[in-house]
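Single-structure report; data block below.
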Amino acid sequence: MSPDDAYGQLSRALEMRAPQCNGDARFTEDRVIAAVAKDLAKICATCDVALLCRQYARAANPKIGYWAGHRSTANPPTPNANRRGAINQT
């Protein structure tokens, strides 16, 4: 999926409902420290647009911010990231 397609899907979903991250500047900071990342991950864990957010992050590879429960400094993990031996990137 292209970044534009992924953004279009995410944008349409956001028009229907505002996620908890809406307006929270911590999600768009250049650097997210571990203590803050834990708080943000809790918000993302309950978000109903997290899948679309993750798809956009994978497609666009944003250089800043916090996307679908993960810092942007590394690619978000694959859906199997919690399997034994996987690296936790949050």
Side-chain angles (χ1 to χ4, degrees):
M1 175 180 302
S2 77
D4 288 340
D5 290 340
Y7 181 78
Q9 289 181 8
L10 177 59
S11 182
R12 283 188 294 280
L14 295 175
E15 288 174 4
M16 292 187 229
R17 59 193 165 276
Q20 284 184 287
C21 66
N22 190 35
D24 189 336
R26 299 175 301 169
F27 280 90
T28 57
E29 292 179 356
D30 289 345
R31 297 187 190 276
V32 178
I33 61 172
V36 172
K38 284 184 178 184
D39 291 339
L40 301 183
K42 289 176 186 175
I43 293 170
C44 292
T46 63
C47 183
D48 50 343
V49 296
L51 176 61
L52 295 173
C53 185
R54 185 177 304 114
Q55 288 175 343
Y56 170 72
R58 284 191 183 129
N61 195 21
K63 302 300 180 206
I64 62 169
Y66 197 84
W67 297 85
H70 303 280
R71 295 180 199 154
S72 64
T73 56
N75 288 329
T78 62
N80 294 328
N82 291 329
R83 295 177 65 185
R84 187 176 178 184
I87 297 172
N88 186 353
Q89 297 180 7
T90 53

Nearest heavy-atom neighbours spanning A37 and Y66: O-OH, 3.1 Å

Straight-line distance of L10 CG to Y56 OH, nearest 0.5 Å: 8.5 Å

Sequence neighbours excluded and cut-off under 3.5 Å, please list the side-chain donor-acceptor pairs for residues 12-27, or say none.
| unit_1 | atom_1 | unit_2 | atom_2 | d |
| --- | --- | --- | --- | --- |
| R12 | NH1 | G8 | O | 3.3 |
| R17 | NE | D48 | OD2 | 2.9 |
| Q20 | OE1 | T46 | OG1 | 3.3 |
| D24 | OD1 | R26 | N | 3.1 |
| D24 | OD1 | R26 | NE | 3.0 |
| D24 | OD2 | R26 | NE | 3.3 |
| D24 | OD2 | R26 | NH2 | 2.7 |

Distance (rounded to the nearest 0.5 Å) between H70 NE2 and R54 CZ: 5.5 Å

Closest contact, heavy atoms only, A50 versus C44: CB-O, 3.8 Å

Shortest non-hydrogen separation from C53 to A68 and the atoms involved: SG-N, 3.4 Å

Spacing of CE belonging to M1 relative to CD belonging to Q55, to within rounding of 0.5 Å: 4.5 Å

